[in-house]
Amino acid sequence: MTDAGRGCRTVRAVIGVWRWRRNPLRRATDRCEAWTALVSLLLMAVAAPALGWACGTLTDTALQRTVREQRARLHATTAVVVRLAPGASRLVTDPETAGERGPRASVVARWRAPDGTARSGTVTTWSHSVRSGSRVEIWTGPDGRAAQRPMDAPTARTHAVLAGVGVALLAAGLVEGGRRLAVRSMTRRRYARIDRAWAEAGPDWGRTGTGS
């Protein structure tokens, strides 16, 4: 069941039990159940989104700092394709970036390090042209060795938003689970009291006025 469905059930529980407030058959556990449902509703409507927002904000701050550090440490440069890497005759898909840059390929290329030293090796490129002599953009570390492409700011923001939404949904689910456990415990205690009362009255059931 979705969190929206759980929230609707909690609202119905609040409304249904609240209607018992003037009923002479109302029990103490009915008030407890109403308050439990009301507190759960407030937590899911206010606390869970606030927790998700806080988590998303902290995650975004950390990821954006990582993006800045990577951009400061890594360098973008142009490499010249020598040939496709062995065993990479066909393009493969990166699940995280397929929607942004399309398929990627591994190629053997040569380039210049920041200090001007000639370098060569196997790199991954998202360029549509990977023929020999093609120029592709790669990223290198301070020593000139090929490095993975750094995360960009929009991607970091997307991950932060997903983290915040996930935390909010998880918090709402935990609140609803706690409410159900509390109601189940109250119901179990209610039935236990009924069983004890029945056990005490059971031996005299039907004997009233018989003179026994």
Side-chain angles (χ1 to χ4, degrees), residues 1-71 93-100 148-208:
M1 180 180 294
T2 63
D3 290 298
R6 297 191 186 101
C8 290
R9 292 192 61 177
T10 303
V11 172
R12 288 196 298 269
V14 172
I15 296 175
V17 179
W18 182 252
R19 291 174 179 173
W20 278 70
R21 67 190 186 280
R22 299 183 186 278
N23 195 303
L25 299 179
R26 180 192 61 193
R27 297 159 298 194
T29 53
D30 293 328
R31 291 196 301 271
C32 293
E33 186 175 346
W35 279 110
T36 301
L38 179 60
V39 171
S40 299
L41 178 62
L42 292 176
L43 289 176
M44 287 191 289
V46 179
L51 184 61
W53 178 84
C55 177
T57 301
L58 292 175
T59 302
D60 182 64
T61 300
L63 290 179
Q64 295 298 338
R65 182 170 58 251
T66 300
V67 168
R68 291 192 296 269
E69 292 174 353
Q70 290 181 345
R71 294 282 176 171
T93 300
D94 185 349
E96 293 188 358
T97 57
E100 301 176 2
Q148 292 184 350
R149 184 185 183 93
M151 182 185 300
D152 53 26
T155 301
R157 182 65 50 80
T158 300
H159 287 311
V161 170
L162 292 177
V165 172
V167 168
L169 293 177
L170 178 61
L174 290 175
V175 170
E176 174 63 14
R179 185 193 71 84
R180 293 191 179 190
L181 290 176
V183 171
R184 183 177 301 177
S185 177
M186 286 186 287
T187 302
R188 191 163 47 243
R189 289 197 300 268
R190 181 187 303 165
Y191 287 159
R193 286 196 298 269
I194 293 174
D195 290 339
R196 287 195 300 269
W198 180 260
E200 293 174 359
D204 296 329
W205 182 258
R207 297 182 182 180
T208 304

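Owing to the predicted nature of the structure, the values given are computational and were not obtained by experimental measurement.
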Inset, instruction - Search all heavy atoms of Q70 against all heavy atoms of M151 and return the closest pair with its distance. - result: OE1-N, 3.0 Å

Inset, instruction - Would you name the heavy atoms of A48 and A171 that are closest together and state the gap between them? - result: CB-CB, 4.0 Å

Inset, instruction - Of all the heavy-atom pairs spanning T59 and A160, show the shortest one and how long it is. - result: CG2-CA, 3.9 Å

Legend entry - Polar side chain donor-acceptor pair, R65 to T61, under 3.5 angstrom: no

Inset, instruction - Just do the side-chain contact (heavy atoms from CB on, under 4.5 Å) check on L63 and R157 with the steps written out, would you? - result: CA-CA 8 Å; L63 290 179; R157 182 65 50 80; over 6 Å; no

Inset, instruction - Kindly give the heavy-atom pair with the smallest separation between A156 and V67, and that separation in Å. - result: CB-CG2, 4.0 Å

Legend entry - Point-to-point distance, once rounded to the nearest 0.5 Å, from CE of M44 to CG of L169: 12.0 Å

Inset, instruction - Looking only at non-hydrogen atoms, find the nearest pair between S40 and R179 and report the distance. - result: OG-CB, 3.3 Å

Inset, instruction - Would you name the heavy atoms of A182 and T36 that are closest together and state the gap between them? - result: CB-CG2, 4.1 Å

